Amino acid sequence: MAKTKFTMIGMTSSGKSCYITAMYMKMAVGMDAFTLTTDEDTRKKLERDIRTLREPIGVSRFPSATQNNEESIRKYEFQLNKDRKEIITFEMMDYAGGALVDYGAVYDEVKQSIEESTALYIFIDGKSLCSDDPEERRENVYYDCAMTITPLLQEFANSHEGALPPVVFVITKSDLCKHFVSDSELTALVKELFSPAFSDNTISYMCAISLGDDISEDEYKGRFRPINVHLPFFLGCYHEYVAQYQILKADVEDSNWQLEKEKRQALNAAEKENKKFFIFKNDEFINARREAAKTAKKFIDENNNLVDATKKMATIFGKRLEQESDSFKCFKNGVEQGEFRAFEL
Ligand SMILES: Nc1nc2c(ncn2[C@@H]2O[C@H](COP(=O)(O)OP(=O)(O)O)[C@@H](O)[C@H]2O)c(=O)[nH]1
Ligand SMILES: [Mg+2]
């Protein structure tokens, strides 16, 4: 199946590396019969990081900060499998958040990755929201994140006739910030500071995640128990399948139309030949035409199966997200939806 990209956009320390680790942890063993696999070296690294995250040893449990240099880009290639079959391969790039402000080579790579992405994840550092003063909360998100990221969104939209891929706002460290900010304040803040993602013809989401509700307790000796980390990923997969379905359906309609025509012509030719008086009849020709019709039919069936399989995947992800709709917010054209509803396909 096609390779796709999900891009995380986030400043230093916003929680990107921890997110990849926790998401892998949750998905590796399986969820709804989905499992996530990766190459052996990456798996070893992630497993090591997960073990360390589980240790109640204070802040040294977290993966060390990603250095900002050209070698610092780490491309994770994951395969999502269902029922023991690989269904989708996707790439997620981790990099030092500092790259977004120095406009160097890594910055160019991030921009390129954004170009090729099915979904964008904007990481908002929950720590920015940990202040008793609402004005300060707003300023923190503004300077720590929006000031750099919103222009990137706008630039992307400008070069794509106003279009943006679905954007998922990932609010990290919800264990910390939930004590400071309400749902409604957060929604208003994100809508104000990232307005391109809430304009006409956009779909966006907001999801608060955490490595554990009490992970920071007793100087970060609390339990590692990730919350909601699969949701941004499932949203990306859902949109990937919806997009694939829409493209495939259009392609298949064209191609099947042509194949149906070929099939009809082949059968007609065979039929016509078959009506001839037997001494003039060319059996080889008839068989060849009937074979051609069979082949066309086989291609039509294969096309239809592919469309059905893609639709089935979109439906599975859509249903799962509908069930968990309480745990994230969905916006269409900037308007908050009461709940997530999968598209009618
Ligand atoms: N309380 C809390 N702290 C977190 C959480 N996730 C990350 N952190 C902290 O944020 C720091 C930066 O996270 P990291 O994933 O390295 O950020 P990155 O620079 O965007 O990759 C970590 O070292 C942790 O101290 C979380 O869910 N809860
Ligand atoms: Mg990092």
Side-chain angles (χ1 to χ4, degrees), residues 6-26 42 45-76 91-102 104 106-107 109-110 113-114 120-131 137 140-141 143-146 148-149 152 168-181 186 206-233 327-328:
F6 298 149
T7 305
M8 304 186 292
I9 316 176
M11 311 306 280
T12 302
S13 229
S14 55
K16 299 182 297 300
S17 302
C18 287
Y19 175 72
I20 290 204
T21 314
M23 190 272 285
Y24 174 76
M25 189 282 292
K26 196 126 177 192
T42 310
K45 178 209 179 313
L46 288 169
E47 282 179 4
R48 209 170 39 236
D49 287 349
I50 291 164
R51 276 197 200 98
T52 316
L53 270 168
R54 267 177 58 78
E55 285 177 38
I57 49 173
V59 287
S60 59
R61 71 200 301 185
F62 296 105
S64 52
T66 316
Q67 295 302 310
N68 183 18
N69 55 44
E70 259 171 74
E71 294 88 65
S72 73
I73 294 193
R74 191 170 183 129
K75 289 179 178 153
Y76 290 89
E91 188 182 286
M92 264 174 119
M93 192 169 95
D94 196 16
Y95 54 93
L100 295 183
V101 291
D102 70 7
V106 176
Y107 177 79
E109 277 226 40
V110 176
S113 178
I114 292 175
L120 299 180
Y121 298 118
I122 295 184
F123 277 66
I124 299 180
D125 189 342
K127 263 213 172 122
S128 305
L129 297 159
C130 296
S131 157
R137 294 197 281 271
N140 287 346
V141 177
Y143 293 111
D144 296 348
C145 182
T148 306
I149 290 172
L152 266 177
V168 184
F169 289 91
V170 182
I171 322 293
T172 60
K173 314 177 194 179
S174 67
D175 48 293
L176 301 178
C177 67
K178 70 177 178 190
H179 304 294
F180 294 92
V181 66
L186 188 56
M206 235 173 77
C207 181
I209 64 160
S210 165
L211 296 183
D213 232 359
D214 46 31
I215 186 129
S216 70
E217 251 160 53
D218 195 14
E219 316 241 316
Y220 278 97
K221 297 201 182 89
R223 196 149 156 198
F224 171 64
R225 194 198 262 162
I227 297 166
N228 287 349
V229 288
H230 61 296
L231 288 174
F233 174 63
S327 305
F328 63 96

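Counting starts at 1 for both ligands and their atoms, in listed order. None of the values given here were measured: they were computed from a predicted structure.
Near Met11, with a cut-off below 4.0 Å to any heavy atom, the atoms of ligand 1 are 20 (O). Which parts of ligand 1 touch Ser210 is read off a 4.0 Å heavy-atom cut-off, strictly below it: atoms 27 (O). Near Asp175, meaning under 4.0 Å from any of its heavy atoms, are these atoms of ligand 1: 1 (N), 2 (C), 26 (C), 27 (O), 28 (N). Numbered from 1 in the order shown, with element, the atoms of ligand 1 that lie under 4.0 Å from a heavy atom of Ser14 read 17 (O), 18 (P), 20 (O).
Checked against the 6.0 Å centroid threshold, Phe62 and Tyr220 count as a close aromatic pair.
Considering backbone and side-chain N/O of Gly212, none are found under 3.5 Å from N/O of ligand 1. Distances between N or O atoms of Ile215 and those of ligand 1 include no value under 3.5 Å. Checked by distance only, ligand 1 and Ser216 stay at 3.5 Å or farther apart across all their nitrogen or oxygen atoms. Residue-to-ligand polar distances keep Tyr19 apart from ligand 1: every N/O pair is separated by 3.5 Å or more. Here's the thing with Leu176: none of its N/O atoms is less than 3.5 angstrom from an N/O atom of ligand 1. At under 3.5 Å, a nitrogen or oxygen of Tyr220, whether backbone or side chain, sits near a nitrogen or oxygen of ligand 1.
Among the atoms of Ser17, an N, O or S atom falls under 2.8 Å of the Mg ion (ligand 2).
Residues Tyr19 and Asp94 form no side-chain contact, since every pair of their non-hydrogen atoms from C-beta on lies 4.5 Å or further apart.
Electrostatic pairing of Asp213 and Arg225 does not count as a salt bridge here, judged by no charged N lying under 4.0 Å from a carboxylate O.
In this structure, Gly97 falls outside the shell of residues with a heavy atom less than 4.0 angstrom from ligand 1.
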